[in-house]
There are 4 protein chains.
Amino acid sequence: MKKNKPKYKQIIDAAVVVIAENGYHASQVSKIAKKAGVADGTIYLYFKNKEDILVSVFEEKMGQFIEEIEKGISDKQTANDKLLTLIMLHFRQLADNHHLATVTQLELRQSDPQLRLKINKVLKPYLLVIDSIIKEGIEGSSFRDNLNTQLVRQMIFGTLDETVTNWVMKERKYDLVAQAEDVHALLINGLSVS
Amino acid sequence: MKKNKPKYKQIIDAAVVVIAENGYHASQVSKIAKKAGVADGTIYLYFKNKEDILVSVFEEKMGQFIEEIEKGISDKQTANDKLLTLIMLHFRQLADNHHLATVTQLELRQSDPQLRLKINKVLKPYLLVIDSIIKEGIEGSSFRDNLNTQLVRQMIFGTLDETVTNWVMKERKYDLVAQAEDVHALLINGLSVS
Amino acid sequence: MKKNKPKYKQIIDAAVVVIAENGYHASQVSKIAKKAGVADGTIYLYFKNKEDILVSVFEEKMGQFIEEIEKGISDKQTANDKLLTLIMLHFRQLADNHHLATVTQLELRQSDPQLRLKINKVLKPYLLVIDSIIKEGIEGSSFRDNLNTQLVRQMIFGTLDETVTNWVMKERKYDLVAQAEDVHALLINGLSVS
Amino acid sequence: MKKNKPKYKQIIDAAVVVIAENGYHASQVSKIAKKAGVADGTIYLYFKNKEDILVSVFEEKMGQFIEEIEKGISDKQTANDKLLTLIMLHFRQLADNHHLATVTQLELRQSDPQLRLKINKVLKPYLLVIDSIIKEGIEGSSFRDNLNTQLVRQMIFGTLDETVTNWVMKERKYDLVAQAEDVHALLINGLSVS
DNA sequence: TATGAATGAGGATTCATTCAT
DNA sequence: TATGAATGAATCCTCATTCAT
């Protein structure tokens, strides 16, 4: 399995840094190879093409990202707690790895729609985690029972994504994780008074 | 004023269609010129460069987009009604012009961060409209008074944006406008039961 | 006759200044038109094409240049005096009009060989003036009688040209006209001692 | 060292021929690549850009040119002999390689002043060789001791350059090398009788 | 004569990918 | 496995010239 060889990981890690530092368009394969300490041609022993590097970066990093979140919510008892934990871990992980944050929130969006489809596939498990929390909330009667799961998922993910993107675009000048509780309250209670 | 000349509008409209059909990267200037029925060089009498076409597309279309929404909410009495109207018009306008929807939700995101900054500037007035609704809601006591306006704006915009993007990515197979009321209810009431 | 109309001269004079200031390649027809205070299209009522402007500039300016020299040497009695006068006037005229000097010594050399042929045709009368001085010098026994006129002409013109070019390239930091007598002495006496 | 690799020399030689045959402006990089038998992109592994090809052509060829002359004059005893040898070798080398002659006398002059500066730098060693002959001539009392070295150098170089240019422009219809002795005599003795 | 908006041909350069070693 | 020299496709923009007014 190629994914366990050291050079595979070297290249993935080099790619995250190179893309974050140089931006998507200025991240030539040769630059990634240099950062990874391998020859240009070696890249193609581990990845089909440049797009495959990007998708793999996302797969690897999002895999860990989601795993971390799944682990974090597993011992929470209520949907409410799980949602709060998900938000906190979502924010914390990106706050802790700002290279990755830049890549996921800005640089990877520059890829073409075809690549975006693949990226969405990688994102799917995360959306399923969100769905499961929604379902649990409804069944446990902490959430209303007339909720449209798809819409709710879009609200949750859209809100988190927009919040992180704003934070990255404003050059991470404030504490992202500190906003987790407020975001959670907002999603739970909505805007209305009562 | 160049913006009122017919060729300016021809080129803008051609650009929307060409970008929607071919994608951002495959939209050569020559292709846009051909679609617009002008010579390649003519483009440069109206636009500084290729990027300027894209920014201008966004300016023109978002200008109309926002104007439409401002007009629509102007005769609504409550923040609640205004928010619902904003959501409906946001969805309706993109549903009615799916070329534009594709461009704003997918293709334009491929632009580099520098261009994104310009696009964000164009988006600013829209965010201000959202802010004014939030403020009105708080002052009119329909919304809670401890809301963080920035977070609320991110929730509203993030939710709408994610909802439209999903609809575009799923090839517009369902009725976007029909979801407006549910999205509105979700934002107003949140997830919780009471 | 177009050449006597005011706009013809306006365009010629504008061209000299524009080429001297911007260099040959950056001297667009539109820039010359603007400087001359006419529309782009008007240029083509007076000149066949851009090359024709350049050739005409040279014709006009060299015509005056040569005329001035012919006038200056007409009342000199000896070939020696005539040669000295030619050198002085050659240097003086270019020193007095540094725009023209820049154009003739640097910018016009960038033209393609085909254009250079036309320019050489304009230069012909000047070379004939030099030839006539040589002939007079030989017949009057001030110059040796075994001189090859073509070579002598090349030496005289080559020396003057190289001297002016050097002066222009060194940004005209020294007095060109002051070198006339030394150059003359050099051409007359050569390098040898006796 | 790239300059010793075979492709470097292939490209240089191809460039000389392509420029001589097509002229400076019609010498596209792709044409040079084709003539050299390499891909367009390969050019850029050896040269920074198109201008760099031209400067390198001049460097390579002038390097050999000057070396040849320095070698030729090294065993001549007098300044007179050295000057004659320099003239003969100058003429001979360009007569023997008429592609190079066309490039140096006509095509390369079309370059813009910025490039001309670089070319002048390459020419500098040649001018120094001329200067050293002048100095030797003065010190050895074969040349007058009141000579202005700069002017003499300009006379010598200007005369040789103009002579070669004329020969090229007259399509090399006569024997250039045969004129070396006459040119030499002219420079040594000047025009005057005694 | 004069205008100036419109035309459209033309070329240097980058960089993902290959393949002989 | 690993290398890195070589490949070659692909595109934005300028500007001399035209022509309807």
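For the pair Phe58(A) and Val103(A), the minimum side-chain heavy-atom distance is 4.5 Å or more. Side-chain contact between Val18(A) and His99(A) is absent, with no heavy-atom pair separated by less than 4.5 Å.
Regarding Gln10(A), its CD atom lies at a distance of 13 Å from the C1' atom of dA2(F), rounded to whole Å. The distance between atom NE2 of His25(B) and atom P of dT14(E), rounded to the nearest whole Å, is 17 Å. Between Asn49(D) atom CG and dT14(E) atom C1' there is a gap of 13 Å when expressed in whole angstrom units. In this entry the distance linking CG of Asp52(D) with P of dA12(E) reads 14 Å, nearest Å. Distance CD (Gln28(D)) to P (dG8(F)): 18 Å, rounded to an integer number of Å. The interatomic distance linking Leu54(B) (CG) with dC12(F) (P) rounds to 10 Å, in whole Å. Distance NZ (Lys50(D)) to C1' (dG10(E)): 12 Å, rounded to an integer number of Å. In this structure, Lys34(D) atom NZ and dG11(E) atom P are separated by 14 Å, rounded to whole Å.
Between Asp40(B) and Lys31(B), no side-chain nitrogen of the basic residue sits less than 4.0 Å from a carboxylate oxygen of the acidic one, so the salt-bridge criterion is not met. Using a cut-off of 4.0 Å between Lys/Arg side-chain N and Asp/Glu carboxylate O, Lys118(D) and Glu51(D) are scored as salt-bridged.
Screening Met62(D), Glu67(D), Lys61(D) for a side chain to side chain contact (heavy atoms under 4.5 Å, CB included) with Phe65(D), the sole residue that qualifies is Met62(D).
Pairing partner, dT21(F): dA2(E), with both Watson-Crick or wobble hydrogen-bond distances short of 3.5 Å.
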Between the protein and nucleotides 7-9 of chain E, are there any N/O to N/O pairs under 3.5 Å, and if so, what are the atom names and distances?
{"residue": "dT7(E)", "atom": "OP2", "partner": "Ala39(B)", "partner atom": "N", "Å": "3.1"}
{"residue": "dT7(E)", "atom": "OP2", "partner": "Thr42(B)", "partner atom": "OG1", "Å": "2.2"}
{"residue": "dG8(E)", "atom": "N7", "partner": "Gly41(B)", "partner atom": "N", "Å": "3.1"}

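Distances shown here put every side-chain N or O of Tyr44(D) at or beyond 4.0 Å from the OP1 or OP2 atom of dG8(F). For the pair Lys48(A) and dT17(E), the criterion of a side-chain N or O lying under 4.0 Å from OP1 or OP2 is not met.
Using a 4.0 Å heavy-atom distance criterion, Phe47(D) is classed as making no nucleic acid contact.
Nearer the 5' end of DNA chain F, as judged by each residue's closest nucleotide, is the contact made by Ile43(D), out of Ile43(D) and Val29(C). Take the nearest nucleotide of DNA chain F for Tyr46(D) and for Tyr46(A): the residue whose nucleotide is more 5' is Tyr46(A).
Using bins of under 30°, 30° to 60° and over 60° for the plane-to-plane angle, the ring pair Phe47(C)/Tyr8(C) lands in the parallel bin.
Relative to the ring axis of Tyr24(B), Lys50(B) places its NZ or CZ within 45° and under 6.0 Å from the centre.
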